[in-house]
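Inspection log for the structure reproduced underneath, given as structure tokens.
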Amino acid sequence: MPAATSTPFDADVLVVGTGPMGATTALTLATYGLRVIALSRQNWLADSPRAHVTNLRTMEVLRSLGLEEEAMARATPWELMGDTTFTTSLAGREIARLASFGLGDRRYGEYLAASPCRMADLPQPLLEPLLVGAAATRGAVFSFNTLYRCSSQDADGVDVELEDRLTGQVQTKRVRYLVGADGARSKVMEDAGLSVEGQLRRGGTVYAQFDGDLSRHMAHRSSVLTWIVNDDAAVGEIGLGLLRAVRPWDQWIAGWGFDPDAGEPDLSLDTARARIRAYVGDPEFEPDITAVNPWYVNEAFAPAYSRGRVFCGGDAVHRHPPSNGLGSNTSIQDSFNLAWKLAYVIRGHAAETLLDSYSAERAPVGEQVVRRANQSRREYAGLHSALAAERPGGPSGAAKLCAATPEGSRARAALAEVLALKDNEYNALGVELNQRYSSHAVVPDSEVPEEFLRDREIHAQHTTRPGAKLPHAWLVDREGRRLSTLDLVGEGDFTLLIGPTGRPWVEAVTSLGLPYLKAVVVGGEDAQDLYFDWARAREVDEDGAVLVRPDGYVAWRSRTAEPVARDRLAGALTRVLGRPVAN
């Protein structure tokens with residue numbers, strides 16, 4: 001394809017894909033005032049409720065983008081997500097309940113204290129229209145029924161060849177940067193010469209979507225995830241059936257495993273209906289089945305997310321099962337990391353080297369979530385061991401578990417160990433909030449590695465160390481209303497958080513006169529630290545400073561005020577942005 005270097009740019013950024021990563025990228029760039037085109041080969045957005053658990057960090061991103069309240073209005077609220085239940089059927093005997101999503105007594109306070117936001121269950125067909133609608137309102141241009149064909153880049157931009165799927169018309173768009181959010185078979189990624197490492201299609205699952213009122217089985221329990229433990233469900237790697245409440249309690253997904261090496265699974269309505277009835281435990285139940293589709297278990301990640309002017313994210317670069325609920329959450333956080341960097345480079349605030357930090361920061365996160373999600377699937381093996389017969393003809397399953405015998409006692413003890421292990425999947429606050437960035441967009445203040453005091457994947461450790469997410473602490477504004485430290489940052493700006501005695505830092509910000517840098521005095525009238533939560537969380541003296549990036553991550557900090565505050569601050573920004581910010 002010839003490079004049209006003499007033509008003007010049709011947009012600053014073109015985004016291929018309108019899933020969680022693509023839509024959030026378009027939304028964030030439009031919020032920052034950039035010209036963005038987003039396209040989808042489909043006629044509209046997600047038509048199946050794939051991703052659904054929306055974790056605290058993702059809700060913080062939506063809060064920063066002004067969408068938290070609307071997201072919560074569309075979602076199943078945190079309180080209804082309930083326990084994860086293990087049972088022989090909805091109508092049958094329960095085997096165990098696992099307090100999940102921070103709703104158990106042991107974890108509830110920890111989740112409340114970790115964020116100003118709350119988790120929710122927000123399926124993709126409800127999330128994507130919210131993101132796309134907001135992005136379009138803020139100026140993003142969307143093109144549906146549009147096929148990405150190929151792209152080529154040069155020193156100044158990217159030429160992208162597109163095809164209108166309705167008319168067959170082909171056109172070329174020239175943009176400064178291209179973002180590939182086109183899923184697990186990413187053509188953008190292939191054209192850019194990027195690849196994933198790991199194993200694809202190592203397992204398979206069938207999902208049957210159906211409608212049907214099952215509220216009588218849920219009146220005494222809230223559980224958006226119910227695992228079915230019986231011989232009929234013992235298929236595939238997990239070896240359990242699944243009933244997932246898409247909308248409590250009349251829209252559902254039934255899931256069961258299959259072996260991809262054995263050929264294509266049975267997708268007939270009769271088979272799906274029989275399984276659904278078995279899972280519900282009611283042979284007379286008439287589900288209204290709306291779709292039956294397979295999906296495949298992948299364990300693959302990309303070591304690099306970008307090449308030149310092309311950047312990829314979401315399922316294109318981390319491909320894994322939905323265990324731990326990390327899919328759309330990680331994808332949205334990819335986009336929030338990338339968008340501000342593109343905006344700063346396009347506006348001339350930063351050198352193009354800033355864009356290298358996207359891959360450096362997000363690729364390790366992608367690898368971690370791929371490994372965590374697949375490990376969560378493998379951990380179900382312990383449950384089958386606990387319920388297996390110890391001797392030929394001996395009791396197994398629920399019968400063994402309920403037996404008042406030594407075998408039953410051993411089974412109950414083994415099951416308790418399995419459930420303790422499954423905290424890694426259903427209460428993994430650390431996986432969600434302990435992401436740490438190491439790149440030249442972060443200025444470390446210590447060569448001593450951070451020491452995690454508790455299990456890093458289970459418990460969140462809040463810190464203002466550079467490379468960590470800004471800790472949440474409740475403050476009070478001049479009207480007496482609570483606000484979070486997270487509400488002081490973002491909106492495309494770098495924010496310097498200082499205390500009442502940090503006057504040299506205010507003078508430094510004023511002297512630099514940068515349009516994207518602001519100072520906020522925590523302890524002043526607009527952000528009163530009446531609970532002293534920030535004083536306990538800031539890890540710097542009151543006259544110190546914490547510099548927070550537009551994505552809410554700490555870029556640099558100084559423990560005390562210094563006579564050369566302006567030079568120190570300018571030096572930190574110069575290092576992060578890759579270009580001098582002061583004379």
Side-chain angles (χ1 to χ4, degrees), residues 13-17 19-22 24-25 28-29 148 150-160 175-200 202 298-320 326-346 350-374 431 435-442 444 467 549 551 553 555 575-578:
V13 181
L14 189 147
V15 181
V16 181
M21 196 276 174
T24 307
T25 302
T28 310
L29 291 172
Y148 165 88
C150 60
S151 61
S152 64
Q153 60 177 302
D154 53 44
D156 302 312
V158 187
D159 294 300
V160 187
V175 294
R176 299 179 189 274
Y177 296 98
L178 173 64
V179 175
D182 49 337
R185 292 186 290 255
S186 174
K187 182 70 163 57
V188 175
M189 193 171 180
E190 178 184 338
D191 290 347
L194 298 169
S195 61
V196 296
E197 299 176 353
Q199 183 180 0
L200 301 178
R202 70 172 193 82
N298 298 318
E299 188 170 9
F301 54 87
Y305 285 13
S306 67
R307 177 160 293 170
R309 293 178 170 270
V310 180
F311 301 84
C312 294
D315 290 349
V317 293
H318 36 79
R319 306 174 188 179
H320 55 88
L326 297 170
S328 64
N329 291 291
T330 306
S331 301
I332 287 171
Q333 292 160 40
D334 287 344
S335 68
F336 205 53
N337 181 288
L338 175 62
W340 76 267
K341 296 171 182 177
L342 287 170
Y344 270 58
V345 171
I346 291 168
E352 285 197 338
T353 53
L354 174 64
L355 299 175
D356 296 336
S357 67
Y358 168 62
S359 187
E361 293 179 351
R362 294 304 297 174
V365 173
E367 179 179 352
Q368 178 196 16
V369 301
V370 166
R371 297 191 187 283
R372 178 64 262 165
N374 279 275
V431 172
Q435 296 173 13
R436 302 292 191 257
Y437 293 161
S438 177
S439 75
H440 59 71
V442 170
R549 307 185 328 187
D551 60 353
Y553 273 72
R575 179 167 172 179
V576 170
L577 299 177

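Owing to the predicted nature of the structure, the values given are computational and were not obtained by experimental measurement.
- Separating the CG atom in D334 from the CG atom in L338 is a distance of 8.5 Å, to the nearest 0.5 Å.
- Contact check for R319 versus V196: side-chain heavy atoms found under the 4.5 Å cut-off.
- Closest non-hydrogen pair, N298 versus N374, comes out as O-ND2, 3.2 Å.
- Inter-residue side-chain proximity for F311 and K341 is flagged as unmet; no heavy-atom pair is nearer than 4.5 Å.
- Smallest separation of non-hydrogen atoms from P303 and A363: O-CB, 3.7 Å.
- Residue M189 forms a side-chain contact (heavy atoms from CB on, under 4.5 Å) with just one option from V16, V317, D182, and that option is V317.
- Of all non-hydrogen atoms in A441 and E361, the two that sit nearest each other are CB-OE2, 3.8 Å.
- D315 places a side-chain heavy atom less than 4.5 Å from the side chain of S331.
- Between the OH atom of Y358 and the CH2 atom of W340 there is a distance of 13.5 Å, given to the nearest 0.5 Å.
- Using a 4.5 Å heavy-atom threshold, the side chains of T25 and M21 count as touching.
- Aromatic ring pairs are classed by plane angle as parallel below 30°, tilted from 30° to 60° and perpendicular above 60°; the pair H318 and Y305 is tilted.
- Considering all non-hydrogen atoms of both residues, V576 and A555 come closest at CG2-CB, 4.2 Å.
- Residues V345 and R176 are not in side-chain contact: their nearest non-hydrogen atoms beyond the backbone lie 4.5 Å or more apart.
- Side-chain atoms of S357 come within 3.5 Å of backbone atoms of L354 as a donor-acceptor pair (strictly under, hydrogens ignored).
- Rounding to the nearest 0.5 angstrom, the gap separating the OG atom in S151 from the CG atom in D191 is 5.0 Å.
- In this structure, CZ on R202 lies 5.0 Å from CD on E299, to the nearest 0.5 angstrom.
- At least one side-chain heavy atom of R362 sits under 4.5 Å from a side-chain heavy atom of T330.
- Looking at R309, its side chain does come within 3.5 Å of a backbone N or O of A155 through a donor-acceptor pair.
- Between the side chain of R307 and the main chain of G193, a donor-acceptor pair closer than 3.5 Å is present.
- We find that R185 and E190 are not joined by a salt bridge, their nearest charged nitrogen and carboxylate oxygen being 4.0 Å or further apart.
- Between Y177 and L29 the shortest side-chain heavy-atom distance does not fall below 4.5 Å.
- If you take CG on D159 and CG on L14, they are separated by 11.5 Å, rounding to the nearest 0.5 Å.
- Considering every non-hydrogen atom in both P444 and V442, the closest pair reads CD-O, 3.3 Å.
- Of the possible donor and acceptor atoms, none in the side chain of N337 sits under 3.5 Å from a partner among the backbone N and O of Q333.
- Between G578 and A351 the shortest heavy-atom distance is O-CB, 3.4 Å.
- A heavy-atom distance below 4.5 Å is found between the side chains of C312 and L194.
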